[in-house]
Amino acid sequence: FSWCEGLYSWLVIVISIIIASALYTFFLPLLVVLEPATRYAWLITIFSIASLISAALLYQFEYCFKRRLLFVNLNINKSN
C-alpha cells in the first residue's frame, strides 16, 4: 500500500460522513412523528447505510478512473 491510498481512504471517510450528515439532516424533520427510541434507531440506520453506500460509490469511482487510465496507457504503448 502507498501513502496515496492511505490518504484516499481518509478522504473517503470524511466525504462519506459529510454525505451521511446531509442525508441525516434531510430526514430528521420527517421522523419527528415517531417515538424517540424508534427515531434514533431510524437515524442511526440512515446514517450507517448512507455512509456505506457513499464510501462504496467513491471507491467504485476511483477503481473505474484507475482502470480507464490503465486502459488508455496500454493503448498508447501498443500503438508505439
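What you see is a predicted model, and the numbers here were worked out from it, not measured in a lab. Nothing fancy with the numbering, it's 1 onward along the sequence.
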* For Y40, does the OH atom have more than 12 heavy-atom neighbours from other residues, nucleotides or ligands under 6.0 Å away? -> no
* Asked: Counting only heavy atoms not in Y59, do more than 12 fall under 6.0 Å of its OH?
  -> yes
* Validation row: Y24, L43 side chains within 4.5 angstrom (heavy atoms) -> yes
* Asked: Looking only at heavy atoms, what is the nearest atom pair of L34 and W42, with distance?
  -> CD1-CD1, 3.7 Å
* Give the minimum heavy-atom separation between S51 and S16, together with the two atoms involved. => O-CB, 3.5 Å
Given the rule that I, L, V, M, F, W and Y join up when any side-chain heavy atoms are under 4.5 Å apart, are [X] and [Y] in one cluster?
X: F47; Y: F26; result: yes
X: V14; Y: Y8; result: no
X: I18; Y: F27; result: no

With rounding to the nearest 0.5 Å, note down the distance linking [atom1] in [X] to [atom2] in [Y].
X: I49; Y: L23; atom1: CD1; atom2: CG; answer: 11.0 Å
X: L28; Y: I46; atom1: CG; atom2: CD1; answer: 9.0 Å
X: L7; Y: S2; atom1: CG; atom2: OG; answer: 8.5 Å

* Asked: Does anything in residues 21-45 pair up under salt bridge (Lys or Arg N to Asp or Glu O under 4.0 Å), and if so which pairs, sequence neighbours excluded?
  -> none
